Structures are given as C-alpha cells and as structure tokens.
Amino acid sequence: MVRVPRWAAWRRAAAASLLLTATSPLAAAYELDPNSTESVTTIAKQMAEDMLSYYTGDKPGGTPGLLPDPYYWWEAGAMMGALVDYWYYTKDEEYNDLVTKGLLFQVGDTNDYMPRNQTLTEGNDDQGFWGLAVMSAAEYNFPNPPADKPQWLGLAQAVFNTQAARWDTEHCNGGLRWQIFSWNNGYDYKNSISQACFFALGARLALYTGNQTYADWAVKTWDWMVGVDFIDKYWRVLDGAHTGKNCTDIVPYQFSYNAGGFILGAAAMYNYTEDPVWKDRLDNLVEGAKVFFTGPNKDIMTEVACESVNRCNLDQQSFKAYLSRWLAAITKWAPHTYDVVMPYLRASAVAAAKQCTGGKNGRLCGLKWTTGEFDDNTGVGQQMAAMEVTLSCIIKDRGPPVTHDSGGTSKGDPNSGGGDMGRNTPKPPTFKPITAGDTAGAAILTAAVILAMIAGMFWIFLDESSDKTPLQQVRGFHDSTTAHFAALAAGGGGAAAFLRRRMGDDFDEKNGATVASIRAIADKRQNTDEQLHGRSLKNIHTIRIIKPGSVS
Ligand SMILES: *[C@@H]1O[C@H](CO)[C@@H](O)[C@H](O)[C@H]1NC(C)=O
Ligand SMILES: *[C@@H]1O[C@H](CO)[C@@H](O)[C@H](O)[C@H]1NC(C)=O
Ligand SMILES: *[C@@H]1O[C@H](CO)[C@@H](O)[C@H](O)[C@H]1NC(C)=O
Ligand SMILES: *[C@@H]1O[C@H](CO)[C@@H](O)[C@H](O)[C@H]1NC(C)=O
Ligand SMILES: *[C@@H]1O[C@H](CO)[C@@H](O)[C@H](O)[C@H]1NC(C)=O
C-alpha cells in the first residue's frame with residue numbers, strides 16, 4: 001500500500017543517497033575469494049558489523065536479545081544463532097558477550113524461551129529458532145554461561161520438551177500447530193517450519209545426548225510430514241495447512257528455510273542412525289533444494305517464492321541465512337554431501353558479497369544475489385544471509401560439532417521447561433502491571449486484543465487510494481471481507497491482484513489482530529531510509545498472495 005507521505009520521504013531519501021553515492025569515495029564491492037579463509041573472515045566481519053548496526057540490545061536502554069521494531073522476536077534469536085556461527089567460523093570473540101547476554105535475557109520465567117513479553121505473537125517456530133541457536137552454542141562449545149544461569153543444552157531441551165508436549169493428535173493426526181497460544185491468529189495452521197525446528201532440534205539432541213527418545217520424536221515428526229504431504233513425492237517441502245481442513249488444504253509455497261530445516265535434521269538423523277534410509281532422505285531433500293538456486297548457472301541461492309515478484313516480507317528476507325547455515329552444517333554430519341553443496345554455497349557467497357554496495361558506508365547488502373547489483377533492499381535478514389553464506393565457504397576448516405561424548409561441555413537437564421508444559425494460554429506480558437490478580441489482567445488484555453483486532457480489520461480493508469472516506473469504506477467492509485476469503489479460497493491471480501491493490505504488500509495473517517497498533521508505532525519510527533519501502537510492518541512466515549506459478 002502506497003502511503004503518500006512515506007513516498008515523499010522516500011524520494012527525498014533516495015535523492016539524498018544518490019547525491020551521497022555520487023560523491024562518496026566508498027562503494028567498492030566485496031570481491032570474495034571463497035577459498036581464502038582470510039577473505040572470508042575479513043568480509044564476514046564487516047557484514048556482521050553492519051548486521052549489528054540494527055541491534056540496540058547492547059545499547060543503554062536497549063533490551064538484550066531484542067531487535068527494534070519492526071523485527072520480530074524470533075529473528076533476534078536467529079541472529080544470535082548467526083553470531084554463534086560467526087564465532088565458530090572466525091574465532092572472533094568480539095560479540096560473544098552480546099550473544100550470551102541476548103540468549104540469556106530472553107529465556108523467560110521457566111527457562112524455555114517463552115518470555116511473557118512475546119506471548120502476543122510467539123509461535124512454535126519462533127521459540128524453535130531460539131532453541132536452535134542454543135543448540136548450536138552447545139554443539140560448538142560456545143563459552144558456557146555462569147554456573148548459576150541456565151545452560152545451552154538445558155535450554156535446548158526445554159524448548160524441545162515444551163514442544164513435544166504440544167504435539168497435537170486431535171487434528172490432522174499429529175503435528176505442531178504454528179501458534180502456541182490458542183488466542184493467536186494462526187493457531188489453526190500447522191506449518192512446516194514449526195515441525196522443521198522441532199525435528200532438527202530432536203535429531204540434534206539425539207546426536208548430542210545419545211538419548212533415543214529425541215530420535216523417536218524426530219522419526220514421528222518426519223513420518224507425519226510425509227503422511228500429510230507437507231513433504232511431497234517430489235521431495236518438496238510445502239508450507240503448511242489448516243486444522244479445520246484436516247491439513248488437506250496445503251499452502252503450496254516452497255520457502256528455503258522449510259527445506260533447510262528438514263535437510264539439517266535428516267543429516268543429524270543419518271549421522272545418529274547411520275541408516276541408509278536417512279541418507280536417502282537427506283540426498284533427495286538436497287536434490288529437491290536445488291529449486292532455490294537460480295541465475296545463469298542455476299547456482300545462486302534465491303528465495304524463489306517471493307524474490308522474483310518482489311514480495312519477500314521482513315521475515316522472508318532472512319530465510320537464505322538458514323538454508324546457507326544448514327547446508328554448510330550437514331557437511332559435517334554427512335561428509336558425502338560436501339562436494340554436492342559446496343559449489344552452490346561458493347557461487348552464492350560470491351554473488352551475495354558482490355551486491356553489497358549499499359547504504360552510507362557503501363557496503364550494505366541487498367536482498368537479491370542473482371542480479372550482480374545492489375537492489376536497495378536492506379535489513380537484518382539481508383546482512384545475516386550474506387554473512388552466513390560467506391562463512392559457509394570455510395566450513396572445511398572447522399571442526400565437527402561436539403557431542404556429550406566428544407568434548408561437549410554444556411550441561412543438560414532432560415526435564416527442563418516443566419512449568420510451561422502443555423500451556424496454551426499465555427502469562428501476561430511483564431510490562432502490564434498486574435495488580436488485581438491474573439483474572440483482571442487477562443480481562444484487560446483480552447479487551448485490548450479485541451480493540452486492536454477491530455482497529456486492525458479496519459486498517460486492513462481501508463483502501464487509501466479510494467475516493468471514499470474511511471467511513472464509507474467501513475460500510476463496504478463486508479464486501480471486502482467476502483472478497484478476501486473468496487480470493488484465498490480460489491487462490492486465483494485476478495483475485496490476488498485485487499487483494500494486493502486493496503491490502504498492499506503487507507497482508508498479514510498472523511498479526512491481523514494487532515497490525516493497526518503496530519502500524520501506528522512503526523509509522524512514528526519511519527525515519528531511516530531502510531524502512532521507507534513499506535516494509536515496516538511486522539510480517540509473517542507465510543505470504544499467501546504471491547503471483548501464482550512463481551514456484552516450480
Ligand atoms: C575453490 O575451490 C574449489 C575446490 O577446490 C574449486 O572447484 C573452485 O573453482 C575454487 N573457486 C575459486 C573461486 O577459486
Ligand atoms: C485426517 O487426515 C489423516 C491423515 O493425515 C487421516 O488419517 C484421518 O483419518 C483424517 N481424519 C478425518 C476426520 O478425515
Ligand atoms: C558423523 O559425523 C562425524 C563428525 O562430523 C563424522 O566424522 C562421521 O563421518 C559422520 N558419520 C557418517 C555416517 O557420515
Ligand atoms: C531422555 O529424554 C527423555 C525426553 O526428554 C527424558 O524423559 C528422559 O529422562 C531422558 N533419558 C535420560 C537417560 O536422560
Ligand atoms: C519486557 O518488556 C519490558 C518493558 O518493555 C522490559 O523492561 C523487559 O526488559 C522485557 N523483557 C524481556 C525479556 O524482553
């Protein structure tokens with residue numbers, strides 16, 4: 001949705017940055033030599049620095065482990081994982097303290113990454129990304145927290161335990177729901193990334209601890225994914241489906257992180273079991289993931305479902321980071337994949353680095369790696385993805401992940417996460433003073449959500465380019481709603497185009513309820529040129545309005 005004042009501001013910023021580019025002596029593109037450790041670490045260091053230029057959690061008044069609006073909580077967890085990787089690859093300890101603080105600050109009351117402040121939006125996948133970050137910390141022997149603090153392995157186990165308790169056999173024969181809390185939009189959706197995080201975490205915990213129970217859960221998750229056809233006979237990992245339809249209304253988009261998560265878990269399972277069945281699954285998934293590589297030689301990583309149509313939302317802008325991270329990781333657990341994936345990672349890394357010529361410092365990375373040119377689409381995800389794919393080039397120089405029996409030092413707790421087990425209603429956020437007991441607090445919260453929902457619906461269907469006044473448009477609300485659901489059901493191009501006009505780029509399934517208030521906050525913060533492209537909204541893991549046929 002084009003908001004006129006924002007575009008005016010954007011034009012001013014664009015003019016200013018043109019001026020800057022013209023006079024700036026900087027802006028020499030990175031020329032990455034993927035076979036040189038020095039080249040990789042030097043460039044990754046600058047990419048990390050630029051990624052952290054968005055982070056305020058280490059600044060006075062900032063909250064450790066949070067990225068500023070509009071970034072979701074989960075992406076900060078993903079970024080902490082990226083920085084654990086950064087240390088593993090480069091041995092640069094510069095950010096270790098920042099990472100430890102961030103990872104520990106967000107653990108929540110019961111040390112399982114369910115902090116009260118996030119209950120408005122936290123899904124299983126969001127929690128999963130924090131779980132995967134601490135799992136990496138355990139596997140790489142990232143410096144352990146002080147003894148009186150929760151430990152990496154125990155935290156990963158807590159995430160696993162709370163999720164296993166949420167396995168839902170009532171609908172679709174099993175699987176995790178997207179959302180944890182029943183009041184959140186998306187509670188009726190079962191999505192692949194939630195299963196992918198749980199699957200990969202289970203497989204890795206089995207490998208690390210040797211405890212077969214984790215592997216049993218990984219097997220169960222895999223079987224369910226195949227059973228509902230989220231992993232189909234072409235080894236495509238599709239996005240998810242709804243409980244109301246017994247998970248048969250599959251949303252067919254392929255996102256790189258869904259495939260990546262299953263590739264990662266399959267490699268860990270192969271290493272754990274040494275069973276050729278898992279090798280076969282892994283190899284097929286890797287083969288299937290070639291869909292994410294395009295360009296003249298079909299070897300440059302691309303978020304195919306959204307890049308070509310310029311529709312990658314804030315979350316999706318980071319997905320290539322995880323596919324990069326996980327394709328590199330599997331070369332340790334399944335060394336036979338090294339020769340298969342490395343040419344893709346090297347080519348992608350060179351292409352990613354080449355386009356990082358943006359921003360005032362002349363080296364911010366854009367989103368697309370295939371064009372050879374900076375596409376003026378910057379952010380945390382773009383920096384993270386470029387950094388991870390760059391780092392992946394030197395995976396051979398680095399040791400394998402440790403386990404309990406091969407040098408791992410992180411302390412576990414098989415029963416961690418107990419207090420949150422099976423809970424599907426949130427505790428109130430900490431910023432809400434609860435004086436008259438939880439009941440009153442919950443009532444206030446519910447009222448706030450209902451209000452936000454009404455406001456959100458109003459905003460979603462408000463067409464700013466319309467000649468009608470907002471009130472007139474509200475009267476036409478019913479029609480829009482009907483059209484909206486019809487379009488979703490039909491998934492047709494014409495209907496989708498209609499919706500795009502009506503709702504702009506930011507149709508937001510997960511946060512329809514709160515989008516208006518978030519929008520209001522985000523609007524006040526519109527003062528950096530990175531945020532002027534209408535990408536300021538909180539987004540979701542799934543956009544459904546994508547040009548049909550963009551995924552092969
Ligand atoms: C890097 O090394 C690989 C394997 O030895 C080789 O195939 C590739 O051509 C090299 N790439 C560059 C850019 O030198
Ligand atoms: C729902 O789907 C599962 C397979 O995913 C099937 O076993 C089950 O019978 C279906 N339930 C209904 C009510 O159709
Ligand atoms: C399992 O991982 C270890 C550590 O990276 C590796 O040495 C071993 O070869 C792997 N096993 C298999 C079956 O690939
Ligand atoms: C293995 O993991 C399961 C699931 O978390 C746990 O209940 C069990 O106690 C663990 N077993 C051992 C020996 O740690
Ligand atoms: C939760 O939000 C409050 C108020 O903004 C803040 O003071 C606190 O540090 C936050 N806690 C976490 C874990 O982010």
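Computed from a predicted model, the values in this text were never measured in an experiment. When a ligand or atom number is given, it counts from 1 through the structure's own listing order.
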Evaluate the side-chain proximity of D92 to T41: yes if any heavy-atom separation is below 4.5 Å, no if none is. no
Contacting atoms of ligand 3, where contact means under 4.0 angstrom from a heavy atom of N271: 1 (C), 2 (O), 3 (C), 8 (C), 10 (C), 11 (N), 12 (C), 14 (O)
Answer with yes or no after comparing the ring centroid distance for W278 and W222 against a 6.0 Å cut-off, counting only values under it. yes
Are any of the N/O atoms in Q106 less than 3.5 Å from those in ligand 5? yes
Mark yes or no for whether N124, through its side chain, and I180, through its backbone, hold a donor-acceptor pair below 3.5 Å. no
Heavy atoms of F160 and L205 approach each other most closely as CB-CD1, 3.6 Å
Atoms of ligand 3 under 4.0 Å from any heavy atom of P400, numbered from 1 in the order shown, are 4 (C), 5 (O)
Under 3.5 Å, N or O to N or O, is K332 touching ligand 3 that way? yes
Centroid separation under 6.0 Å, is that true for the rings of Y272 and Y214? no
Which atoms of ligand 3 sit under 4.0 Å from any heavy atom of P335? 9 (O), 14 (O)
Per-atom contacts, ligand 5 versus N117 - under 4.0 Å to a heavy atom: 1 (C), 2 (O), 3 (C), 8 (C), 10 (C), 11 (N), 12 (C), 14 (O)
Heavy-atom cut-off of under 4.0 Å around ligand 4: list whichever protein residues fall inside it, by chain and number. N161, N211, T213, Y214, P414
For residues 142-183, the disulfide bond (SG atoms under 2.5 Å apart) pairs (sequence neighbours left out) are C172-C247
Is there at least one pair of N or O atoms, one from Y270 and one from ligand 3, spaced under 3.5 Å apart? no
Please list all pairs meeting ring pair (Phe, Tyr, Trp, His ring centres under 6.0 Å) that have one or both residues in residues 380-403, counting only residues at least two apart or in different chains. none
With salt bridge (charged side-chain N to carboxylate O under 4.0 Å, His left out) as the rule and sequence neighbours excluded, what pairs involving residues 48-60 come up? E49-R363, D50-R363
Please check: side-chain N/O of W152 versus main-chain N/O of P143, any donor-acceptor pairing under 3.5 Å? yes
